[in-house]
Amino acid sequence: MSLTDEVKGLLGGQLGEVVQKFRDSDLDEQVSSWISKGENLPIAGDQIRKALGNETVAAVAAKLGIGQDEAADQLAQEVPKAIDEQTPEGTVPAQASA
């Protein structure tokens, strides 16, 4: 299984919840940039851990057979792209809202 598949699984059906986790972690500006049609603001691995939780990062790391730090850093690259792709109209789809 690839990291992209893991991210899609993480977001699948829970996009609104995941977006809210980032907003609750004081990352509203970043997540808003991923949803909007403009440029995506970057995020760091430690911000991924804060928003998604160590358990989620550890689970992804275990599935991929990589360290948790590497998983967090890779998620920091992939999550913004995945959220951007799932919000092509610049909004979170109604069925995906929290």
Side-chain angles (χ1 to χ4, degrees):
M1 182 165 276
S2 74
L3 180 66
T4 302
D5 292 335
E6 281 298 314
V7 171
K8 286 181 182 175
L10 182 70
L11 298 178
Q14 300 179 356
L15 181 60
E17 285 180 38
V18 173
V19 166
Q20 191 60 49
K21 286 180 181 182
F22 283 100
R23 290 193 166 135
D24 291 345
S25 297
D26 297 322
L27 297 168
D28 190 53
E29 185 178 358
Q30 287 86 345
V31 78
S32 294
S33 77
W34 310 336
I35 294 169
S36 71
K37 296 184 179 190
E39 186 175 339
N40 291 339
L41 294 176
I43 189 170
D46 61 332
Q47 292 171 308
I48 284 285
R49 285 179 190 269
K50 180 180 177 187
L52 299 180
N54 285 324
E55 292 174 8
T56 299
V57 174
V60 170
K63 285 182 182 178
L64 298 177
I66 59 178
Q68 291 184 29
D69 289 340
E70 183 178 352
D73 289 343
Q74 288 187 22
L75 284 167
Q77 297 296 315
E78 291 298 319
V79 168
K81 288 189 274 187
I83 291 176
D84 187 40
E85 288 173 7
Q86 291 191 26
T87 56
E89 299 301 317
T91 59
V92 176
Q95 70 272 20
S97 294

**Message:** Could you measure the distance from the NZ atom of Lys63 to the CG atom of Leu3? Nearest 0.5 Å is fine.
**Reply:** 11.5 Å
**Asked** Can you tell if the side chain of Trp34 reaches within under 4.5 Å of the side chain of Val19, non-hydrogen atoms only?
**Response** no
**Item:** Atom pair CD (Gln20) and CD (Gln14), whose distance is rounded to the nearest 0.5 Å
**Value:** 13.5 Å
**Between CD1 on residue Ile48 and CD1 on residue Ile43, distance to nearest 0.5 Å** = 4.5 Å
**Request:** Output, in order, the C-alpha distance, side-chain angles, deciding distance and verdict of side-chain contact (heavy atoms from CB on, under 4.5 Å) for Asp69 and Arg49.
**Result:** CA-CA 9 Å; Asp69 289 340; Arg49 285 179 190 269; 2.6 Å; yes
**Asked** Atom CD of Gln68 and atom CG of Asp73: how far apart are they, to the nearest 0.5 Å?
**Response** 12.0 Å
**Asked** Shortest non-hydrogen contact from Leu75 to Pro80?
**Response** O-CD, 3.9 Å
**Request:** Check whether any side-chain heavy atom of Leu27 sits under 4.5 Å from a side-chain heavy atom of Leu41, and report yes or no.
**Result:** no
**Asked** Distance only, no hydrogens: is a donor on one side chain within 3.5 Å (strictly under) of an acceptor on the other, for Gln74 and Glu70?
**Response** yes
**Prompt:** Looking at side-chain heavy atoms only, is the closest gap between Lys81 and Thr4 below 4.5 Å?
**Reply:** no
**Request:** Side-chain contact test, heavy atoms from C-beta onward, threshold under 4.5 Å: evaluate it for Gln47 versus Gln30 and give yes or no.
**Result:** yes
**Request:** Kindly work out whether a path of hydrophobic side-chain contacts (I/L/V/M/F/W/Y, heavy atoms less than 4.5 Å apart) joins Ile66 to Val57.
**Result:** yes
**Complete:** Closest non-hydrogen contact found for Ser25 with Ala51 is OG-CA, 3.3 Å
**Steps toward side-chain contact (heavy atoms from CB on, under 4.5 Å) verdict (Val18, Leu52)** = CA-CA 8 Å; Val18 173; Leu52 299 180; 4.1 Å; yes
**Request:** Mind listing the closest non-hydrogen atom pair of Ser32 and Arg23 along with its distance?
**Result:** OG-NH2, 3.5 Å
**Prompt:** Is there a side-chain contact between Thr56 and Leu10, using heavy atoms and a 4.5 Å cut-off?
**Reply:** yes
**Prompt:** Between Thr87 and Val92, which heavy-atom pair has the shortest distance, and what is it?
**Reply:** CG2-CA, 4.0 Å
**Item:** Over all atoms of both residues, closest heavy-atom pair of Gly45 and Ala76
**Value:** N-CB, 3.9 Å
